[in-house]
Amino acid sequence: PASIDRAAWRMVAESPGFAGVISAAEAELAREMRAWDDEAYLDFSRSGERGRGEEMIRARGRRLMRLMWAELVEDAGRFVPAIEATLRELVRQRSWVLPAHDAKLLNFDGRPNVDLVSATDAFQYAQVVHLLGEKLDADLRREVAAQVERRVFAPVRRMVAGENTGGVDWLRRTHNWNAVCLAGVTGAALGLVESREERAWFVAVAEIYGGNYLAGFTDDGYCSEGVGYYNYGFGYFIALRHTLYQATGGRFDLFANPVTRQIALYPDRMEMLPGVFAAFSDCKFDQRPRDHWAEYARRALRTGPARLGTADLVRPDNLVFTPLLLELAREVAHPQNTPTARPEPRSWFPDAQVLVMRPAPGSVGGLALTIKGGHNAEHHNHNDVGSYAVG
């Protein structure tokens, strides 16, 4: 489409992070798309086994992403027929949600509700339509919009109205589902809904109900779900912020909230030593916040110099995050009015009762320590009261 910056995509094509996208897409062309498998999907409802059904769904989705990145960097139309066939298969598949989120088989039986995967897939399908535009068959573009309406937008309208949605109601939850699903639904609506009033309605839903996700943090910005869930939930909150900021020309900024600002700076405030974080709550011992979310917050809030280069950011991710990271890479390459900041020797989260102590700036060696008090009535808490980490 005319709106796509071809010069920017040529730069992307030459970056190390995208070096393998053409060969990966060619490999997809050489094999059949992973078939939908009812039996794999039904594993969870029958035995509680998640693996086979989830891998089947994810393999089908990976094919679309690999074909898309290759077409965007090559821009020759070579991958478009396969993209169309893949997208048509995906939007027609029996269920868009993970089997573990469909234990009652409502989606499997044609009564859709919205989960983490269906919401974010809807955003990705909207991105395909936007990025390829008239390269895509017009009937397929209409079918994508109709399927997203039936499987995502209509169920969300019922949720807002308080109707029965099969026990799914992430709008009113205070954990990562709220942020992830709102980001997916809002991005899809802004990309696919023709009515300006309808788009505004979905934006209003994001503004009103997104506050529930923020309520899952303490006012000091501490994430009780742990570093891993911060990456996931707040990563999609960043995507929501970015989408709304762009759509309103910067007039609506979810980071304007003082509490959100503290949450956005959580990675820098929780870092004990470079790359070292306390493994509280539900995460692995070596888990850390994703560097690009910390970098996004630094750039948006102007809290310090860039720590990442463009090569760290220009890499294929999913169809929600990669366009966002490419814009961040452009900003990192041309910083404006960026302050020089050094980490404070200590960070204190008074509401969560978490204290992070670091070696003083400029010191050689020294001890780093993170201590957690508080209570155990938290999301994904692992009886963390009294835990500590030494670095």
Side-chain angles (χ1 to χ4, degrees), residues 1-34 36 56-93 96 117-145 147-148 151-152 183-184 187-192 235-236 239 242-243 246 292 313-330:
S3 61
I4 300 299
D5 186 345
R6 289 310 319 163
W9 279 103
R10 283 193 291 274
M11 178 271 291
V12 170
E14 296 168 358
S15 68
F18 275 76
V21 297
I22 299 295
S23 60
E26 289 173 338
E28 291 291 348
L29 292 181
R31 56 177 170 254
E32 293 293 325
M33 181 176 180
R34 176 81 168 266
W36 175 266
M56 178 264 294
I57 290 171
R58 287 178 174 137
R60 288 165 62 83
R62 281 195 297 268
R63 179 180 174 89
L64 180 64
M65 286 187 283
R66 288 168 179 167
L67 294 169
M68 274 295 295
W69 300 139
E71 179 57 34
L72 288 166
V73 299
E74 188 178 84
D75 192 34
R78 179 161 64 115
F79 298 98
V80 170
I83 290 171
E84 290 180 332
T86 302
L87 183 58
R88 191 173 288 110
E89 271 277 316
L90 290 172
V91 299
R92 291 176 179 176
Q93 72 185 26
W96 284 16
V117 172
S118 62
T120 54
D121 279 353
F123 194 168
Q124 295 194 90
Y125 302 155
Q127 289 280 48
V128 174
V129 171
H130 167 69
L131 291 167
L132 295 186
E134 293 183 0
K135 283 186 175 184
L136 283 181
D137 176 74
D139 287 339
L140 176 57
R141 297 199 303 270
R142 285 190 287 271
E143 181 173 5
V144 170
Q147 291 278 15
V148 173
R151 297 176 188 251
V152 175
L190 291 175
L192 294 174
Y236 275 99
H242 192 75
T243 300
Q246 282 191 318
H292 48 262
L313 298 163
V314 181
R315 57 188 183 185
D317 201 308
N318 66 27
L319 291 161
V320 173
F321 291 141
T322 296
L324 181 160
L325 294 176
L326 296 181
E327 292 183 37
L328 179 58
R330 189 182 308 193

Which pair of heavy atoms, one from L324 and one from A239, lies closest together, and at what distance?
CD1-CA, 3.8 Å

Are side-chain heavy atoms of N318 and T120 found at a separation under 4.5 Å?
no

What's the spacing between F123 CZ and L190 CG if we round to 0.5 Å?
8.0 Å

To the closest 0.5 Å, what do you measure between CG (L64) and CZ (R62)?
12.5 Å

Would you mind reporting whether D75 and K135 have side-chain heavy atoms less than 4.5 Å apart?
yes

Working to the nearest 0.5 Å, report the span between CG of L328 and OG1 of T322.
12.0 Å

Is any side-chain heavy atom of R88 closer than 4.5 Å to one of D137?
yes

Rounded to the nearest 0.5 Å, what separation is found between the CZ atom of R66 and the CZ atom of F79?
13.0 Å

Would you say the side chain of Q93 lies within less than 4.5 Å of the side chain of M56, judging by non-hydrogen atoms?
no

Is the shortest distance from a Lys or Arg side-chain nitrogen in E89 or R63 to a carboxylate oxygen in the other one below 4.0 Å?
no

Please find the pair of heavy atoms, one from A13 and one from V73, that lie closest to each other, and give the distance.
CB-CB, 3.8 Å

When you compare the side chain of H130 with that of Q127, does any pair of heavy atoms fall below 4.5 Å?
yes

Examine distances only and state if a side-chain atom of R315 and a backbone atom of L325 form a donor-acceptor pair shorter than 3.5 Å.
no

I22 vs W69 side-chain heavy atoms within contact, under 4.5 Å
no

Criterion side-chain contact (heavy atoms from CB on, under 4.5 Å) on M33 and L90, from CA distance to verdict:
CA-CA 10 Å; M33 181 176 180; L90 290 172; 3.8 Å; yes

Is any side-chain heavy atom of M68 closer than 4.5 Å to one of L87?
no

Looking only at heavy atoms, which two atoms of V91 and R151 are closest? And how far apart?
O-NH2, 3.2 Å

Given V129, which of R141, R142, Q124 fulfils the side chain to side chain contact (heavy atoms under 4.5 Å, CB included) condition?
R141

Is E143 salt-bridged to R92, going by a charged N under 4.0 Å from an acidic O?
yes

Charged N to carboxylate O under 4.0 angstrom, R60 versus D121?
no

Indicate yes or no: at least one non-hydrogen side-chain atom of F18 is less than 4.5 angstrom from one of L72.
no

Using the ring of each side chain (for Trp, its six-membered ring), is Y125 parallel, tilted or perpendicular to W96, with breaks at 30° and 60°?
perpendicular

Of all the heavy-atom pairs spanning V152 and A122, show the shortest one and how long it is.
CG2-CB, 3.9 Å

Spatial distance of atom CE (M65) from atom CZ (R58) [nearest 0.5 Å]:
10.5 Å

Over all heavy atoms of both residues, which pair between A25 and L67 is shortest? Give the atoms and the distance, please.
O-CD2, 3.9 Å

Might you point out which heavy atoms bring G191 and A126 nearest each other, and give the distance in Å?
CA-CB, 4.4 Å

